Amino acid sequence: MLTSGFQIDSWRAPGSRSEELARLPLMRDMAQAAEAAKLHAVFFGDSVDVVTIRDNNIRNTGLYEPISSIGALIGYTKNIGLVGSLSTSFTEPYNAARQFAGLDLLSDGRVGWNIVTSLFGGFQNYGLDAMPDPKDRYRKATEFVKVVTELWDSWTDDTILNDRASGQWADVEKIHDINHAGEFFKVAGALNMPRPPQGHPVLFQAGQSDPGVKLGGETADVIYTAQSNREEAENFTRRVRDSAAQAGRPRDAVKILPGVVPIVAATRAEAEEMSRELACYIDMEAGRRRYENASGVDTSGLELDDLIPAERFEGSRGNSSRWAIMRRMAVDEKMTLRELIIGFARSGGHRILVGSVEEVADEMITWFEAGISDGFNLDPPSVPEGMHAMLDLLVPHLQERGYFQTEYSGGTLRESMGLERPASR
């Protein structure tokens with residue numbers, strides 16, 4: 001749900017709806033278009049600082065705060081899931097439990113929580129002097145999720161009696177305090193609202209580091225991931241499956257959804273022309289700064305058509321979950337600085353697929369059939385043009401070939417995605 005388009009600066013294209021950014025009509029129209037295409041869910045990422053806006057990067061911003069945005073969309077949609085990010089570093093478990101339980105109740109079970117620990121930036125806005133160490137953040141996140149799910153389970157499914165004759169609306173004996181006291185949180189409980197329709201709203205997660213994979217394997221229903229290389233994608237899937245097994249879960253308990261940026265048209269020539277046009281909108285100097293910030297690599301003294309020497313990657317990890325991808329593209333695949341800037345602005349490390357409908361579908365199907373992924377997170381390269389090409393050309397083609405649903409199944413997001421409803425503890 002990147003209303004500016006997934007490619008940075010694509011909002012500069014004639015016909016974009018950039019004048020509507022941060023407003024409801026654009027967000028509503030995107031969600032309704034995704035629902036008409038029968039996508040399982042729309043997803044809101046988030047950011048809690050203004051750094052990216054100051055660097056003219058409105059892809060990675062909090063223009064749409066996820067909780068309020070999902071609340072606004074509930075009344076404009078009927079079947080599609082609504083997934084939002086909420087950081088375990090910048091809020092409290094009781095708040096998160098209330099917010100997502102409330103949204104799940106209001107939507108009749110269509111909500112998901114993307115569990116993030118936050119990478120960098122924004123900590124100054126929450127009274128912190130520095131971002132906590134990643135291992136500490138993930139340890140805190142593990143406890144955070146435990147508390148939230150216990151709060152969702154603090155009411156049994158049959159707590160509500162609604163007995164008009166006796167005047168008893170709820171059986172208070174079935175509301176249980178969780179009395180949690182841990183390393184990071186102390187929460188008495190219970191939640192002050194009924195158990196969500198889904199039991200637990202669907203749990204999404206996106207960490208690719210070792211602590212992130214451990215958290216995902218232990219707690220997530222669905223994993224978002226950025227994988228542009230097949231070998232690395234296969235390795236990531238194996239790591240997640242191993243993590244789930246080590247946590248005592250079935251190896252296939254977690255659905256893995258790599259992000260793809262499909263620049264798609266009826267023919268390859270048309271798709272390549274669209275790709276060239278989109279590249280023209282990228283501010284190369286701002287793109288250089290963004291690439292340096294994400295990779296941690298100094299590109300000073302390099303021309304746009306130079307290669308980045310391998311030694312410049314040594315000693316700096318930048319955004320650690322994407323660093324290995326960036327190094328491979330620069331060092332092993334020998335992409336020029338210009339190509340790297342365009343690629344990062346276009347995908348942020350996700351897989352870019354440029355081609356005809358058939359070609360792009362074939363690439364997606366190959367990964368699916370190989371068991372590398374259980375589906376995909378579709379990132380529209382631009383809005384509305386790139387989004388409609390994705391939803392009106394690519395998705396129907398996948399439906400015709402039997403690889404995507406043509407109708408929604410079940411009433412909740414869990415049912416739609418084939419996920420079990422957790423039993424109350």
Side-chain angles (χ1 to χ4, degrees), residues 1-2 6 39-47 59-60 81 83-88 112-119 134 137-138 141 145 202-247 249 251-262 294-295 317-329 343-344 346-353 360 363-381 417 419:
M1 288 295 285
L2 289 162
F6 200 81
L39 268 62
H40 291 86
V42 295
F43 160 57
F44 289 90
D46 198 21
S47 175
R59 179 177 73 194
N60 297 323
V83 182
S85 299
L86 185 134
S87 176
T88 58
W113 169 27
N114 182 43
I115 305 159
V116 297
T117 66
S118 300
L119 285 170
R137 295 204 310 272
Y138 277 106
V145 175
V202 181
L203 299 178
F204 292 72
Q205 195 263 348
Q208 295 183 191
S209 64
D210 288 340
V213 169
K214 183 174 184 293
L215 175 66
E218 290 175 350
T219 66
D221 298 302
V222 186
I223 299 283
Y224 288 136
T225 180
Q227 303 292 336
S228 58
N229 173 275
R230 176 166 178 160
E231 182 179 354
E232 291 173 357
E234 289 174 335
N235 181 56
F236 176 79
T237 297
R238 185 164 50 251
R239 289 169 62 207
V240 172
R241 305 286 189 225
D242 289 346
S243 177
Q246 289 164 7
R249 306 173 70 192
R251 288 185 61 82
D252 61 353
V254 183
K255 294 189 182 293
I256 298 174
L257 307 182
V260 292
V261 184
S295 66
R317 295 287 294 184
N319 176 342
S320 59
S321 66
R322 307 283 172 88
W323 182 87
I325 297 173
M326 293 175 148
R327 187 187 186 284
R328 171 179 53 76
M329 295 169 73
F344 182 70
R346 177 160 288 170
S347 70
H350 292 282
R351 193 177 181 207
I352 306 167
L353 297 176
V360 171
E363 289 289 332
M364 295 171 67
I365 289 168
T366 297
W367 278 31
F368 175 75
E369 290 285 12
I372 299 171
S373 70
D374 299 292
F376 296 91
N377 185 29
L378 297 175
D379 304 320
M417 297 188 73
L419 298 167

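Remember, predicted model here, so these are calculated numbers, not experimental data.
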Applying side chain to side chain contact (heavy atoms under 4.5 Å, CB included) to Asp210 and not counting sequence neighbours gives Arg239
query = Which residues satisfy the side chain to side chain contact (heavy atoms under 4.5 Å, CB included) test with Glu231, sequence neighbours excluded?
reply =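 Glu231 satisfies side chain to side chain contact (heavy atoms under 4.5 Å, CB included) with Asn229 only.
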Using atom types as modelled, flag every donor-acceptor pair under 3.5 Å from a side chain in residues 213-220 to any protein atom, sequence neighbours excluded.
{"residue": "Lys214", "atom": "NZ", "partner": "Glu218", "partner atom": "OE2", "Å": "2.6"}
{"residue": "Thr219", "atom": "OG1", "partner": "Leu215", "partner atom": "O", "Å": "2.7"}

Compare every heavy atom of [Y] with every heavy atom of [X], then report the nearest pair and how far apart it is.
X      : Y      : answer
Phe368 : Ser373 : CD1-O, 3.5 Å
Ala41  : Val83  : CB-CG2, 3.9 Å
Ile352 : Gly343 : CD1-O, 4.0 Å

Do the side chains of [Y] and [X] get nearer than 4.5 Å, heavy atoms only?
X      : Y      : answer
Asp374 : Met417 : no
Ser118 : Ser87  : yes
Phe376 : Pro262 : no
Ile115 : Thr88  : yes

Inset, instruction - Could you check Val202 against Val222 for side chain to side chain contact (heavy atoms under 4.5 Å, CB included), going step by step and ending with a plain yes or no? - result: CA-CA 8 Å; Val202 181; Val222 186; 4.0 Å; yes
Residues in salt bridge (Lys or Arg N to Asp or Glu O under 4.0 Å) contact with [X], at least two apart in sequence or another chain:
X      : result
Asp379 : none
Arg251 : Asp242
Arg249 : none

Practice task
Using the six-membered ring wherever Trp is involved, compare the ring planes of Phe6 and His350 and label them parallel, tilted or perpendicular (cut-offs 30° and 60°).
Solution key: perpendicular
Not counting sequence neighbours, which residues clear side chain to side chain donor-acceptor pair (under 3.5 Å) with [X]? List them please.
X      : value
Asn114 : Ser85
Thr237 : none
Gln227 : Thr225
Asp252 : none

Check your understanding: In chain order, what residues pass the ring-ring contact (aromatic ring centres under 6.0 Å, His included) check against Tyr224, with sequence neighbours excluded?
Key ->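 With sequence neighbours excluded, Tyr224 shows a ring-ring contact (aromatic ring centres under 6.0 Å, His included) to Phe43, Phe204, given in chain and number order.
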Do any N or O atoms from the side chain of Gln208 and from the backbone of Ala226 form a donor-acceptor pair under 3.5 angstrom?
->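 Yes.
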For a quick check under 3.5 Å, do Ser228 and Arg328 share a side-chain donor-acceptor pair by atom type?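 There is such a pair between these side chains.
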Please lay out, stage by stage, how Phe344 and Ser295 fare under the test side chain to side chain contact (heavy atoms under 4.5 Å, CB included). CA-CA 10 Å; Phe344 182 70; Ser295 66; over 6 Å; no
Check: Using 4.0 Å as the upper bound for N to carboxylate O, is an ion pair formed by Glu234 and Arg230?
Finding: yes
